[in-house]
Number of protein chains: 2
Amino acid sequence: MTQTPPRPPAGPPARRPVPTSADVARLAGVSRATVSYVLNDTSAVRISEPTRRRVREAAEELGYVPHAAARSLRAGRTRIVLLPTAPVPVGPLYGHFLNELQWALRRLGYTVVQYASMGLDGDEAARAWAELRPVAVVTFGAVELTPHGVDVLKRSGARAVITLGPRPVEGAHSVPLDQRGVGGCAGVHLVERGYRRIGVVMPEEAGLELFSGPRLEGVRHAVTGSGADVVALPLACAEEAAGALAARWPGLGLDAVFAYNDEYAMLLMRALLDAGVSVPGDTAVMGADDLLLGRLTRPRLSTVRIDMETGQHLAGLVDRVVRDPDRTPEGGDLMAARAVHREST
Amino acid sequence: MTQTPPRPPAGPPARRPVPTSADVARLAGVSRATVSYVLNDTSAVRISEPTRRRVREAAEELGYVPHAAARSLRAGRTRIVLLPTAPVPVGPLYGHFLNELQWALRRLGYTVVQYASMGLDGDEAARAWAELRPVAVVTFGAVELTPHGVDVLKRSGARAVITLGPRPVEGAHSVPLDQRGVGGCAGVHLVERGYRRIGVVMPEEAGLELFSGPRLEGVRHAVTGSGADVVALPLACAEEAAGALAARWPGLGLDAVFAYNDEYAMLLMRALLDAGVSVPGDTAVMGADDLLLGRLTRPRLSTVRIDMETGQHLAGLVDRVVRDPDRTPEGGDLMAARAVHREST
DNA sequence: TTGAAAGCGCTACCAC
DNA sequence: GTGGTAGCGCTTTCAA
């Protein structure tokens, strides 16, 4: 029996070695198998109470923590649900939704891991994710997932690849987040109130096209047949940009503008007011997201309120797909939009 | 030689098995060792170019992706840097900082994993994190880490446990985020302008005490000796709450208020104006964070601008601690605050 | 009720 | 240059 602990091959000064289940077994005077049974409450096997206690105490004393990698290597699958993180600022709505989702997934026994993916293209990212062998991947459209990327993930053992976003990806379960609906709401709201020359702000910030494009489309679609015009207005999120746009406002001949979200809306509305354009008299302004701060402007900002299904709902869907990847349980729309009329339209 | 693939023990319908390095070796007609050498560009060993090509092609064809768990099990350590995610909304400042940090860490060869920790208490969380055997943990004060939790992590092999936040934790490297300095800036700014009865908004939302407490202290400390009073004002982030506070404003006899951040400041300022309190005539209002939207109010909001050292800076610190956990390289302050005077003070 | 041992995928040491 | 192989920590079947 080798008593000499096999020292790590030099390098950094030998640190106190990490305790393993073998150490626990040794201390408790039982076999590794027994340790595993006790610590995992394996029901298929009966272990005497005194033994259980000894094992538990030994584990406690050593500060033993099971090694997730070893466990999942043995098990052949992980319980990791990987959520690629978005480099784009997504606002409080997604933030809340994300928290709910993570909480619900953990209750279902999954390990939720957000993987920092900024600066990786779709296929690099998919490979990097696949190395962790997640059982599921839920992406919010932050990284452009390709059909090939989906395939890589599936072949690495991912049972569910779910994309939340404006457009589906082949091979993945797509849960549409109906951005067109958001634009649609705004379009209908404005047309109903008689506006006919409608501007739509398109943020120039990278990463937002995935959202702004469909919102624009939604407005376009909503106004067809009403005789209204829709004009895209690129805008950076900065005061000077808004000022410049406001300066040439009269020449644009617009009587309303849907500003992508409340932040852009507040920015633009301020610039318009400062330039002498009255709101909603000369031009109506509409935002989206129903931020608290939007209620504080004068006039109060009309907006599109987006209700998202609870994260719990999506967590359930993930779980169902993991359990039976072949059945396609359509979750329906996770997002519902409705216009909130205040004073700016 | 067993040719029968050992089918998974029933359960879900047998899926196409995930390719391993052995499969690549078989297809390329080489040994697993050679595959490993080629795919890892092991410099200690020379492999002929034709062999390399064959291996690469085989890997490509099979869609082989190395198994991170197996690799780190073998290596005895991971390259995971674990960042517990905060359930509290932390604002665009931290968001940006976080992105930079992640990017920089990845460039240094680490795998950045954000671990969803909401609803776990400090010690549960530490255990859960330790299962992944991260080489480093960087926490932003979202989860209350205890000395015991730090010990669990260290014993599980974490070489760096770094807390960013208002107060240090025993055993961890603490990088102070000087929230007191933020309050201090505001205090000095207000006192210099002659204000003597200063309110400080304390958000009622859970999880923010860690920030608001030190900010309040900072104000208190900054005004000592000036003869100014400081009064804490609990406030929920909602219009009604702000309205109620504004209604009893005259009775409070305050000539200035530091509102924790720009959002609370805008909320309160609106309520004050609506209640007929002039700003800054009757009462000065100061925020913090220098949000874009704060510049849009009338009067424009004075604020405390917080500059954070680049994430790259912190990434370097993490890397240094990982390489030499015993030396204590103090990184200095990561945060610098300064007052920005606009119109509301 | 408990123990022995195989083997998950991978890398690194040593032979050839 | 390349292959054989031990062993990382864990679970689970089989035997005692």
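Just so we're on the same page: letters track the sequence lines, and every chain starts at 1. Hydrogens, waters and symmetry mates play no part in the numbers below; they use all other heavy atoms, side chains included.
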*Asks:* Rounded to the Å, how far apart are A:Leu39 CG and D:dG9 P?
*Replies:* 16 Å
*Asks:* Atom CG of B:Asn40 to atom P of C:dT11: distance rounded to whole Å?
*Replies:* 5 Å
*Asks:* Check whether the side chains of B:Ser174 and B:Thr163 place a donor and an acceptor atom closer than 3.5 Å, and report yes or no.
*Replies:* yes
*Asks:* Nearest whole angstrom, please: distance from the C1' of C:dT1 to the CD of A:Glu49.
*Replies:* 13 Å
*Asks:* Side chain of B:Val45 only, heavy atoms from C-beta on: which candidate in D:dT2, C:dT2, C:dG9 is closest?
*Replies:* D:dT2
*Asks:* Give A:Ser36 one of three labels, base, sugar-phosphate or nothing, depending on what nucleic acid heavy atoms sit under 4.0 Å from its own.
*Replies:* base
*Asks:* Less than 4.0 angstrom from a charged side-chain N to a carboxylate O is my criterion; do A:Asp324 and A:Arg320 meet it?
*Replies:* no
*Asks:* For the pair made of CZ in B:Arg46 and P in D:dG3, what is the distance, rounded to whole Å?
*Replies:* 17 Å
*Asks:* Thinking salt bridges, do B:Asp319 and B:Arg323 make one under a 4.0 Å N-O criterion?
*Replies:* yes
*Asks:* Indicate, with a heavy-atom threshold strictly under 4.0 Å, whether A:Thr51 touches base, sugar-phosphate, or nothing.
*Replies:* sugar-phosphate
*Asks:* Is the backbone N or O of B:Ser72 less than 3.5 Å from a side-chain atom of B:Arg79, with the two atoms forming a donor-acceptor pair by type?
*Replies:* no
*Asks:* Hey, is A:Asp151 close enough to A:Lys154 for a salt bridge, meaning N to O under 4.0 Å?
*Replies:* no
*Asks:* Mind checking A:Val30 for me? I need base, sugar-phosphate or nothing, with any heavy atom below 4.0 Å counting as a touch.
*Replies:* sugar-phosphate
*Asks:* Between C:dT11 atom P and B:Arg77 atom CZ, what is the distance in whole Å?
*Replies:* 12 Å
*Asks:* Taking only the side-chain nitrogens and oxygens of A:Ser21, find out if one of them lies under 4.0 Å from OP1 or OP2 of D:dC10.
*Replies:* yes
*Asks:* Quick one: which of D:dG3, C:dT1, D:dC8 gets closest to the side chain of B:Ser31?
*Replies:* D:dG3
*Asks:* Check the distance between C:dT2's C1' and A:Ile47's CD1 and give it to me in whole angstrom.
*Replies:* 7 Å
*Asks:* I need the CZ-C1' distance between B:Arg74 and D:dG7, as an integer number of Å.
*Replies:* 6 Å
*Asks:* Which nucleotide in the set D:dC10, C:dT1, C:dA4 lies at the smallest distance from any side-chain heavy atom of A:Ser48?
*Replies:* C:dT1
*Asks:* Do the side chain of B:Tyr37 and the base of C:dC13 come within less than 3.5 angstrom through a donor-acceptor pair of N or O atoms?
*Replies:* yes
*Asks:* Nearest-Å distance, CG (B:Leu73) to C1' (D:dG7)?
*Replies:* 9 Å
*Asks:* Want to settle it: does A:Thr20 or B:Arg32 sit nearer the 5' end of DNA chain D, counting the closest nucleotide to each?
*Replies:* B:Arg32
